S.K.: 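Sharing a structure with you now.
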Amino acid sequence: MIGELLVLYNTLFNYFLLKFTKEITGLYVRKRRLLFSAFISGLVSSILYHTFIGAVASFLLLIGLAFSFRIQTLLKQGTVLLVATFFLGGLLTSLLPFLLRQSDLIFFIFCLSIAVLSLTFIHSKWRNMTKERLQQSFVVDCELELFQKTYSLKGFIDTGNECVEPISGKPVHFLSYQAVEEKLPKELKEGLLTWDDKNPYQLTMFPSFMYPKIRILILSTVQKETSTALAFRFDRLILYGNVKKEILDEYVVFTRHDARFPQNAQMILHVLALN
């Protein structure tokens, strides 16, 4: 009975370690294959308990059966699995004096819970770091020229922003009102503060020379909610990324919700800014 329990414990811990490794390295593997690998490795480690050969054989079988017996796999997936194993082993060892005072069932439940929670926590932190690095690659410095004024801004190219002005089909970008408020022309600032989205086509609060550059847009959110906004055709937008890029005669919408902008950006750029 003790042998069967040891195989079960090893299989479950191996499975969670393999699942963690799969998620971290982004490799697709069927759950059945992971479970089979975890069982065979757990069986070997239970038979060759407390031997160096057993530890090495168990590790190689765990990696090879789950991901393949290749040098590249041993270096990539094997490294992640080894680090996770040492981390988890050290964590459980530090808690062992407390866990040993419990019954076998409580001991097993505690160990399994600690393994799942700790690996889940690490995976969550790793995903956040990966997301942060990915977002950083979409951050660019930019200069916006609108109504004869130039604004130096931090822009973020949002792959989810596919908003276009319906008549011309030109991309629409989103600009933080707070970021440019002090430099806005007085007539534009007063117009923006006076304009009523419930009566959107009433534009007498803006100077007549701005009329040709104003468009009324109906915007839809991810939650399927709609709102009315003013879009202004700018003269030029220069992006300073890996390659300097100049964009002419597209549209920008002022927004007061810049706190939601990723990477503390002041301007959310259209996905086509990547091209």
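Basis for what follows: all heavy atoms, side chains included, without hydrogens, waters or symmetry-related copies. Since this is a predicted model, take the numbers as computed values, not measurements.
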S.K.: If you compare all heavy atoms of Lys149 against all heavy atoms of Pro185, which two are closest, and at what distance to 0.1 Å?
M.R.: CG-CG, 4.0 Å

S.K.: Just by modelled atom types, is the Gly42 backbone N or O under 3.5 Å from a matching donor or acceptor in the Ser46 side chain?
M.R.: yes

S.K.: Would you check if the side chain of Thr159 reaches a backbone N or O of Val271 as a donor-acceptor pair within less than 3.5 Å?
M.R.: no

S.K.: State whether the number of non-hydrogen atoms from other residues, nucleotides or ligands found under 6.0 Å of Lys19 atom NZ is greater than 12.
M.R.: no

S.K.: Taking Trp195 for its side chain and Pro200 for its backbone only, find out whether a donor-acceptor pair lies under 3.5 Å.
M.R.: yes

S.K.: So do the side chains of Tyr240 and Glu143 get within less than 4.5 Å of each other, counting heavy atoms only?
M.R.: yes

S.K.: Heavy atoms only: give me the nearest Asn14-Ala38 pair and the separation to one decimal.
M.R.: ND2-O, 3.3 Å

S.K.: Could you measure the distance from the CZ atom of Phe36 to the CD1 atom of Ile40? Nearest 0.5 Å is fine.
M.R.: 4.0 Å

S.K.: Quick one, Leu175 and Val253 - any side-chain contact, counting heavy atoms below 4.5 Å?
M.R.: no

S.K.: Between the main-chain N or O of Glu145 and the side-chain N or O of Thr150, is there a donor-acceptor pair closer than 3.5 Å?
M.R.: no

S.K.: Main chain of Ser41, side chain of Ser45: is a donor-acceptor contact present, judged purely on distance under 3.5 Å?
M.R.: yes

S.K.: At their closest point, which heavy atom of Ala66 faces which heavy atom of Leu62, and how far apart are they?
M.R.: CB-O, 3.2 Å

S.K.: If you measure only the distance, is there a donor-acceptor pair under 3.5 Å linking the side chains of Thr21 and Glu23?
M.R.: no

S.K.: Answer yes or no: are there more than 12 heavy-atom neighbours, outside Leu117 itself, under 6.0 Å from its atom CG?
M.R.: yes

S.K.: I'd like to check Asp158 versus Phe138 (side-chain heavy atoms, cut-off strictly below 4.5 Å). Are they in contact?
M.R.: no

S.K.: Describe, in one word, how the ring planes of His173 and Phe234 are oriented to each other, choosing from parallel (under 30°), tilted (30 to 60°) and perpendicular (over 60°).
M.R.: tilted

S.K.: Please name the pair of heavy atoms, one in Ser37 and one in Leu61, separated by the smallest distance, quoted to 0.1 Å.
M.R.: OG-O, 3.5 Å

S.K.: Does the distance from a Lys or Arg side-chain N to an Asp or Glu carboxylate O, for Lys213 and Asp235, drop under 4.0 Å?
M.R.: yes

S.K.: Counting only heavy atoms not in Arg33 (residues, nucleotides, ligands), do more than 12 fall under 6.0 Å from its CZ?
M.R.: yes

S.K.: Could you tell me if the ring centre of Phe232 sits under 6.0 Å from that of Phe254?
M.R.: yes

S.K.: Donor-acceptor pair, distance only, cut-off 3.5 Å: does the side chain of Lys245 make one with the backbone of Leu237?
M.R.: no

S.K.: More than 12 non-hydrogen atoms from neighbouring residues, nucleotides or ligands closer than 6.0 Å to CZ on Phe52, yes or no?
M.R.: no

S.K.: Would a distance-only check, ignoring hydrogens and angles, find a side-chain to backbone donor-acceptor pair under 3.5 Å from Arg215 to Pro212?
M.R.: yes

S.K.: Give the C-alpha distance, both sets of side-chain angles, the deciding distance and a yes or no for side chain to side chain donor-acceptor pair (under 3.5 Å) between Thr79 and Gln77.
M.R.: CA-CA 6 Å; Thr79 301; Gln77 278 77 24; over 6 Å; no

S.K.: Less than 4.0 Å between a side-chain N and a carboxylate O, is that true for Glu246 and Arg236?
M.R.: yes

S.K.: Verify, without hydrogens or angle tests, whether Gln263 (side chain) and Ala265 (backbone) share a donor-acceptor contact under 3.5 angstrom.
M.R.: no

S.K.: Nearest 0.5 angstrom please: Asn161 CG to Leu269 CG, how far?
M.R.: 8.5 Å

S.K.: Is Lys170 reaching over with its side chain to a backbone N or O of Tyr251, donor-acceptor style, under 3.5 angstrom?
M.R.: no

S.K.: Any side-chain to backbone donor/acceptor pair from Thr194 onto Glu190? Under 3.5 Å, distance only.
M.R.: yes

